[in-house]
Amino acid sequence: MDYFAGLTLKNSIKDIIDILIVSYIIYMLIKMVRGTRAVQLLRGIFLLVITWALSTWLNLYTLKWLMNQMFTFGVVTVLIIFQPELRRALEQLGRGKLFTRSSPEELDVSQRINEVMKSLNYLAPRKIGALIVFERNTGLNDYIESGIKMESKLSSELLCNIFIPNTPLHDGAVIVRGNTIMAAGCYLPLAENPFISKELGTRHRAGIGITEVCDAISVIVSEETGQISLAINGQIVRDIKEESLISKLFEELRPQFKSKGTEWKAFWKRKEGDNRG
């Protein structure tokens with residue numbers, strides 16, 4: 001009896017573990033597709049299953065036959081419909097990231113940076129000057145009021161149009177709050193650091209100056225050289241590479257993963273020679 005009791009207990013534990021694992025997988029799959037178009041497709045499939053169950057229970061032969069025909073080809077149909085989601089899931093599985101999902105904040109920041117980078121890739125090669133300021137914890141309402149209020153959704157096309165030469169808004173800064181362009185043609189305080197290179201003009205000094213008085217981040221495109229610079233905490237990195245710019249913007253604009261001051265100090269220290277003389 002003790003042997004059978006122990007065997008039964010062992011099987012029960014295995015069943016519990018099995019159920020927990022399956023439940024966890026189902027939960028993570030639901031979490032993975034939540035917020036995507038797959039949710040609507042799953043709802044449609046769920047309604048079809050309910051219809052099939054009702055037709056079986058009520059002996060509605062015609063409807064039951066129709067549902068059976070649909071389920072016969074249903075597997076192929078599902079594979080076709082869910083092809084993008086299945087491909088993405090297999091790619092994530094290959095990278096070991098099947099059950100990971102970017103937070104809404106990360107997706108929001110990624111979209112913001114993507115739009116800005118597309119505009120920079122248009123402006124820089126054409127040597128079109130630009131100054132984009134990202135608002136963070138410190139509000140920039142005083143500087144927003146100095147320009148032309150827009151409150152428009154951030155897009156690369158709009159940024160490019162703003163900075164096209166000889167247009168009303170090109171001479172000034174664009175201030176971005178979240179995914180919104182709050183204003184364009186804004187006036188910013190000029191940097192007071194005496195060690196800034198004499199080569200830098202008013203646009204660069206304004207980009208540095210705003211970061212001296214608050215925690216904003218500014219990205220500057222030189223109209224003389226087409227070089228892209230990044231300013232933060234009163235310091236500037238000139239001719240920053242695209243990969244480094246994306247990395248630093250993503251690191252600094254994510255609210256839950258803000259970079260530590262020591263990391264930035266080390267980063268600026270390596271570039272210090274570029275900022276003086």
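In this text the structure is predicted, and so the values were computed from the model without any measurement.
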If you round to the nearest 0.5 Å, how far is CD of Glu199 from OG of Ser222?
10.0 Å
With a 4.5 Å cut-off on side-chain heavy-atom distances among I, L, V, M, F, W and Y, is there a chain of contacts connecting Leu54 to Tyr61?
no
Taking atom CD1 of Ile148 as the centre, does the number of heavy atoms from other residues, nucleotides or ligands within less than 6.0 Å exceed 12?
no
State plainly whether one hydrophobic cluster holds both Met150 and Leu123, where clusters connect Ile, Leu, Val, Met, Phe, Trp and Tyr through side-chain heavy atoms under 4.5 angstrom apart.
yes
For a side chain to side chain contact (heavy atoms under 4.5 Å, CB included) check, start with the C-alpha distance between Asp18 and Lys14, then their side-chain angles and the critical distance, and finish with the verdict.
CA-CA 6 Å; Asp18 188 23; Lys14 288 175 61 178; over 6 Å; no
Heavy-atom check, side chain of Ile181 versus side chain of Lys153, under 4.5 Å:
no
Does Tyr122 form a side chain to side chain contact (heavy atoms under 4.5 Å, CB included) with Leu159? I'd like the steps, not just the answer.
CA-CA 10 Å; Tyr122 177 87; Leu159 285 174; over 6 Å; no
Residue pair Met182 / Val176, side-chain heavy-atom distance below 4.5 Å:
no
Contact between Phe134 and Ile232 at the side-chain level, heavy atoms closer than 4.5 Å - yes or no?
no
Starting from Leu190, can I reach Phe195 by hopping between I/L/V/M/F/W/Y residues whose side chains sit under 4.5 Å apart?
no
Nearest heavy-atom pair of Asp215 and Arg136: which atoms, and what distance?
O-NE, 2.7 Å
More than 12 heavy atoms of other residues, nucleotides or ligands under 6.0 Å from CD of Glu192: is that the case?
no
So, do Met117 and Ile246 sit near enough that their side-chain heavy atoms are less than 4.5 Å apart?
yes
May I ask you to check whether Ser247 and Ser244 show a side-chain donor-acceptor distance below 3.5 Å?
no
Are side-chain heavy atoms of Val174 and Leu131 found at a separation under 4.5 Å?
no
With a 4.5 Å limit on heavy-atom distance, are the side chains of Arg238 and His204 in contact?
no
Can you measure from OG1 (Thr51) to CG (Leu60) and round to the nearest 0.5 angstrom?
10.5 Å
Salt bridge present between Arg177 and Glu135 (N-O < 4.0 angstrom):
yes
Which heavy atom of Val133 sits nearest to which heavy atom of Ser218, and what is that distance?
CG2-CB, 4.0 Å
Let me see the working for Ile144 and Ile175 under side chain to side chain contact (heavy atoms under 4.5 Å, CB included), right down to the final yes or no.
CA-CA 7 Å; Ile144 291 173; Ile175 297 180; 3.8 Å; yes
Cluster question for you: counting only ILVMFWY and a side-chain heavy-atom cut-off of under 4.5 Å, with indirect links fine, are Tyr187 and Leu200 together?
no
Shortest non-hydrogen pair, Ile164 vs Thr167, comes out as O-OG1, 2.5 Å
Could you tell me which non-hydrogen atom of Ile128 sits nearest to which non-hydrogen atom of Phe163, and how far apart they are?
CG2-O, 3.0 Å
Other than Trp65, which residues form its hydrophobic cluster under the rule that side-chain heavy atoms must be closer than 4.5 Å?
Leu66
Inter-residue atom distance Ser229.OG - Asp239.CG, 0.5 Å rounding:
7.0 Å
What's the shortest heavy-atom distance between Ala231 and Gly207, and which atoms?
CB-O, 3.7 Å
Least distance between heavy atoms, Thr225 atom then Lys127 atom
O-CE, 3.9 Å
Test applied, side chain to side chain contact (heavy atoms under 4.5 Å, CB included); reference residue, Leu188; option that passes from Ile208, Ile210, Thr211, Leu140:
Ile210
Step-by-step side chain to side chain contact (heavy atoms under 4.5 Å, CB included) determination, Leu230 to Ile220
CA-CA 6 Å; Leu230 173 66; Ile220 310 106; over 6 Å; no
Is there a path of hydrophobic side-chain contacts, each under 4.5 Å between heavy atoms of I/L/V/M/F/W/Y residues, joining Ile21 to Ile16?
no
Under 4.5 Å between side-chain heavy atoms, chaining through other members, with only Ile, Leu, Val, Met, Phe, Trp and Tyr counted: pull out the rest of the cluster around Ile19, sorted by chain and number.
none
Does a side-chain heavy-atom distance below 4.5 Å link Ser110 with Ile113?
no
